[in-house]
Amino acid sequence: MPHFGDLEAAIMDEVWAADGPIRVRAVVDSLNRERPLAYTTVQTVMDVLYRKGWLTRTKDRRFNMYARPRAGRTTSQA
């Protein structure tokens, strides 16, 4: 089980609670109900989680959309 920092854990909770891919702005708006955070701070942490493999990222027009990786995903096709 990974050990996430407080902000990483809060972001992962938001992503897991989403019905599908979620924009950084939606995560920021949700987290800002509890404590003030800069958009760029959340964006940076989400990018770090993506680079660590904890999130997936796709592009929707000019926005990055983040989601949890699908369980059982493999890198090779049988």
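These numbers come from the heavy atoms of this one structure, side chains and all, not from hydrogens, waters or symmetry mates.
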Return the minimal non-hydrogen interatomic distance between W54 and M12, and the atom names on each side.
O-CE, 3.6 Å
Do you know which two heavy atoms are closest between G53 and P69, and how far apart they sit?
O-CG, 3.6 Å
When rounded to the nearest 0.5 angstrom, what distance separates CG in N64 from CD in Q43?
7.0 Å
Residues that F63 engages under ring-ring contact (aromatic ring centres under 6.0 Å, His included), provided they are two or more places apart
none
In this structure, would M65 and I11 fall into the same cluster of hydrophobic residues linked by side-chain contacts under 4.5 Å?
no
According to salt bridge (Lys or Arg N to Asp or Glu O under 4.0 Å), who are the partners of R51, at least two apart in sequence or on a separate chain?
D47
If we only count heavy atoms from C-beta on, is the V28 to L37 side-chain gap below 4.5 Å?
no
Working to the nearest 0.5 angstrom, can you tell me the gap between L7 CG and R35 CZ?
5.5 Å
Can L31 be reached from Y66 by stepping across I, L, V, M, F, W or Y side chains whose heavy atoms are under 4.5 Å apart?
yes
CG/D60: more than 12 non-hydrogen atoms of other groups inside 6.0 Å:
yes
Residues pairing under salt bridge (charged side-chain N to carboxylate O under 4.0 Å, His left out) where one sits in residues 25-34, two or more places apart or in two chains, turn out to be R25-D29
Rounded to the nearest 0.5 Å, what's the gap from CG on L49 to OG1 on T56? Could you check?
11.5 Å
Filter on salt bridge (charged side-chain N to carboxylate O under 4.0 Å, His left out), then keep only pairs touching residues 13-23, sequence neighbours left out; what's left?
none
Hydrophobic cluster membership, with links at side-chain heavy-atom distances under 4.5 Å among I/L/V/M/F/W/Y: are Y39 and M46 in one?
yes
Working to the nearest 0.5 angstrom, can you tell me the gap between W16 CH2 and I22 CD1?
14.0 Å
Taking salt bridge (Lys or Arg N to Asp or Glu O under 4.0 Å) as the test, write out the residues that go with K52, two or more places apart.
E8
For A17, which residues count as a side chain to side chain contact (heavy atoms under 4.5 Å, CB included) partner, sequence neighbours excluded?
none
